[in-house]
Amino acid sequence: MHGLSSDLAEVKAIADAARDYPATDVALCVPAILIERAARAVPGFPIGAQDVHYEYQGAYTGCVSAMMLLDAGASLTIVGHSERREAQRESDAEVKAKSEIALAAGLWVILCVGETLEVRKNGEAVETVLAQLDASIPSSNDSEDFISSSLSIAYEPIWAIGTGKIPTNPDIAEMHAAIRAALRDRYGDRGGQIRILYGGSVKASNATEIFSIPDVDGALVGGASLKAADFIPIIAAAAVEGVARIA
């Protein structure tokens, strides 16, 4: 819940800087009320949403459909962010339905999974995240090629979001390897091409180290994406490490 029309200058600055790194996909997922203005301000730069409803249309006051997002100029959306899973009590089934309708509408999807600190301390992080992934990942009739190019998974340990704390490098590597194996089990070889992003207190000072971890294909950046001065160094770090996507 950050961003007003006065912040569009930051969006423009980030979009301008991203053009210097053509091999790295960069996007900004902004509040729904800013999508159209942001898309108009930076033509050709991917603007996304932070959530989408799981129905095509209907009597769902205050909700935003996939077609509404497309109409506003969005090209992608986040689904299942931990803050929505926790505060809005979103279930895995709802997240799955959201991902399916967004993909069907032609939006790229960043599907989030992650564990609480209590789960991590109990040694159940990998088991919990894989169960969450299995129940949230879309069941699509589309080809595996389409899924691998349009779906990204973001691992965001809930306890690391906005706290400045992050898991150890071995913990991140273990989780991303487990997610990769699960994606291969589900989608075969194409599961090896689905991007797995890390999210949780990513900033300029730790981005290079995080991007060097195996199976970290990009980042889902929170607070550090609000200002161009904070976000651009992360994009630069991704480009150096050959990372594919930053949002």
Side-chain angles (χ1 to χ4, degrees), residues 22-27 29 46 48-49 51-52 54 56 66 70 74-82 85 90-115 119 124-157 167 169-200 210-220 238-239 241-247:
T24 299
D25 292 335
V26 182
C29 294
D51 186 46
V52 64
Y54 53 79
Y56 179 77
L70 284 169
S75 56
L76 70 153
T77 186
I78 298 169
V79 299
H81 193 283
S82 63
R85 287 180 183 265
E90 285 189 3
S91 66
D92 291 335
E94 287 176 309
V95 174
K96 178 179 180 178
K98 289 181 176 190
S99 66
E100 289 175 345
I101 200 161
L103 287 170
L107 292 165
W108 300 335
V109 169
I110 299 174
L111 192 163
C112 301
V113 292
E115 82 282 0
V119 167
E124 301 169 345
V126 172
E127 176 186 352
T128 298
V129 168
L130 291 186
Q132 196 177 59
L133 178 67
D134 183 64
S136 301
I137 205 166
S139 298
S140 175
N141 294 324
D142 295 304
S143 70
E144 292 174 357
D145 286 343
F146 174 77
I147 291 291
S148 64
S149 64
S150 302
L151 175 68
S152 296
I153 306 300
Y155 166 57
E156 45 162 18
N169 288 359
D171 285 342
I172 296 174
E174 178 188 33
M175 186 65 76
H176 279 238
I179 292 171
R180 177 67 68 207
L183 292 174
R184 288 186 185 276
D185 287 344
R186 174 68 70 95
Y187 298 115
D189 289 343
R190 295 299 183 187
Q193 299 177 18
I194 295 175
R195 294 166 175 174
I196 305 175
L197 316 181
Y198 172 77
I210 290 171
F211 292 148
S212 69
I213 299 171
D215 284 315
V216 174
D217 303 315
L220 183 61
E241 293 294 329
V243 166
R245 172 167 290 176
I246 306 294

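In this chain, numbering begins with 1 at the start of the sequence shown.
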**Q** In the structure I gave you, are the side-chain heavy atoms of Q132 and V95 within less than 4.5 Å of one another anywhere?
**A** no
**Q** Is any side-chain heavy atom of L111 closer than 4.5 Å to a side-chain heavy atom of P138?
**A** yes
**Q** Between the main-chain N or O of S139 and the side-chain N or O of E100, is there a donor-acceptor pair closer than 3.5 Å?
**A** yes
**Q** Where do I194 and S152 come nearest, in terms of heavy atoms and distance?
**A** CG2-CA, 4.2 Å
**Q** Do V126 and E115 pass the side-chain contact (heavy atoms from CB on, under 4.5 Å) test, and can you show the C-alpha distance, the side-chain angles, and the key distance before you say yes or no?
**A** CA-CA 8 Å; V126 172; E115 82 282 0; over 6 Å; no
**Q** With a 4.5 Å limit on heavy-atom distance, are the side chains of I196 and V216 in contact?
**A** no
**Q** For D189 and R184, work out which heavy atoms get closest and say how close.
**A** O-NH1, 4.1 Å
**Q** Over all heavy atoms of both residues, which pair between T24 and A239 is shortest? Give the atoms and the distance, please.
**A** OG1-CA, 3.6 Å
**Q** Would you say E94's side chain and S91's backbone share a donor-acceptor pair under 3.5 angstrom?
**A** yes
**Q** List the steps and the verdict of side-chain contact (heavy atoms from CB on, under 4.5 Å) for I137 and L183.
**A** CA-CA 9 Å; I137 205 166; L183 292 174; 3.5 Å; yes
**Q** Is any side-chain heavy atom of T77 closer than 4.5 Å to a side-chain heavy atom of I110?
**A** no
**Q** Please tell me if the side chains of Y54 and S99 come closer than 4.5 Å, counting only heavy atoms from C-beta onward.
**A** no
**Q** Please report the closest heavy-atom contact between I101 and Y56, naming both atoms and the distance.
**A** CD1-N, 3.2 Å
**Q** Could you tell me whether R180 and D217 make a salt bridge, using a distance below 4.0 angstrom between a side-chain N and a carboxylate O?
**A** yes
**Q** Should S149 and W108 count as side-chain neighbours, where that means a heavy-atom distance under 4.5 Å?
**A** no
**Q** My understanding is that only residues two or more places apart in sequence, or in another chain, count here; which of them pass ring-ring contact (aromatic ring centres under 6.0 Å, His included) with Y155?
**A** H176
**Q** I need the E174 CD to N169 CG distance, nearest 0.5 Å.
**A** 13.0 Å
**Q** Decide yes or no on side-chain contact (heavy atoms from CB on, under 4.5 Å) for V79 and K96, but give the supporting numbers first.
**A** CA-CA 8 Å; V79 299; K96 178 179 180 178; over 6 Å; no
**Q** So, do E156 and L197 sit near enough that their side-chain heavy atoms are less than 4.5 Å apart?
**A** no
**Q** Of all the heavy-atom pairs spanning A182 and L130, show the shortest one and how long it is.
**A** CB-CD2, 4.1 Å
**Q** What's the separation between atom CG in L76 and atom CG in L103, rounded to the nearest 0.5 Å?
**A** 11.0 Å
**Q** If you compare all heavy atoms of G80 against all heavy atoms of R85, which two are closest, and at what distance to 0.1 Å?
**A** O-NE, 2.9 Å
**Q** Nearest 0.5 Å, please: how far is CD1 in I213 from CG in D171?
**A** 9.5 Å
**Q** Whether the E90 and H81 side chains hold a donor-acceptor pair (N or O, under 3.5 Å, no angle test) is what I'd like checked.
**A** no
**Q** With the side chain counted from C-beta on, respond yes when L220 and I78 share a heavy-atom pair under 4.5 Å apart, and no when they do not.
**A** yes
